[in-house]
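Have a look at the structure below before the remarks.
All values below come from the heavy atoms of this structure, side chains included, with hydrogens, waters and symmetry mates left out. Note that this is a predicted model, so its numbers are computed, not measured.
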Amino acid sequence: MAFTLYSLLQAALLCVNAIAVLHEERFLKTVGWGTDQGIGGFGEEPGIKSQLMNLIRSVRTVMRVPLIIVNSIVIVLLLLFG
């Protein structure tokens, strides 16, 4: 398998799918990344853990419908062109 732009985009799609399916109560809380872990004080810079949690929540919120569409298109293209 050659390293092409399509394979790079497919790998990125798989990573975004992996982020989108992470369940906060089942998985993230067991490894210590729950919602109550990222509470900081006023004027403090958020840590890397809280920034990653915000990224995961944002991907799960914003990318839900676009991921359904993009995954459907990729499946159809793979079925048609192999």
Side-chain angles (χ1 to χ4, degrees):
M1 182 172 137
F3 185 71
T4 62
L5 181 63
Y6 178 73
S7 64
L8 185 65
L9 290 175
Q10 194 173 15
L13 179 65
L14 287 172
C15 290
V16 172
N17 279 328
I19 292 172
V21 299
L22 287 176
H23 196 274
E24 200 161 336
E25 286 83 25
R26 290 185 191 157
F27 176 73
L28 295 175
K29 195 174 260 190
T30 60
V31 294
W33 285 39
T35 55
D36 55 350
Q37 302 293 326
I39 299 173
F42 179 73
E44 293 180 6
E45 289 287 324
I48 188 73
K49 187 188 258 187
S50 63
Q51 288 179 352
L52 285 174
M53 283 304 302
N54 284 335
L55 176 70
I56 290 171
R57 277 190 218 106
S58 299
V59 167
R60 285 178 34 215
T61 303
V62 174
M63 294 299 290
R64 184 170 292 156
V65 174
L67 274 176
I68 293 170
I69 295 167
V70 171
N71 284 324
S72 300
I73 291 170
V74 168
I75 290 170
V76 169
L77 286 177
L78 283 175
L79 287 174
L80 291 176
F81 300 116

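With side-chain heavy atoms closer than 4.5 Å counting as contact, directly or through intermediates, I68 stands alone and belongs to no larger hydrophobic cluster. Cluster partners of V76, by chain and number: V65, I69, I73, L77, L80, F81. The rule joins Ile, Leu, Val, Met, Phe, Trp and Tyr whenever side-chain heavy atoms lie under 4.5 Å apart.
Tracing side-chain contacts under 4.5 Å through hydrophobic residues (I, L, V, M, F, W, Y), one never reaches V59 starting from L14; they form parts of separate clusters.
Among all heavy-atom pairs drawn from L78 and Q10, the shortest one is CD1-NE2, 3.9 Å. Closest of all the heavy-atom pairs between M63 and V16 is CE-CG1, 4.5 Å.
Going from atom CG of L13 over to atom CG of N71 covers 5.0 Å, rounded to the nearest 0.5 Å.
Between L52 and K49, every side-chain heavy-atom pair lies at or beyond the 4.5 Å cut-off. By the 4.5 Å heavy-atom criterion applied to side chains, T4 and L9 are not counted as neighbours.
Put simply, the side chain of T61 never gets that close to the backbone of S58: no donor and acceptor are under 3.5 Å apart.
The side-chain contact (heavy atoms from CB on, under 4.5 Å) with Q51 is formed by just one residue from the set I48, N54, L55; it is I48.
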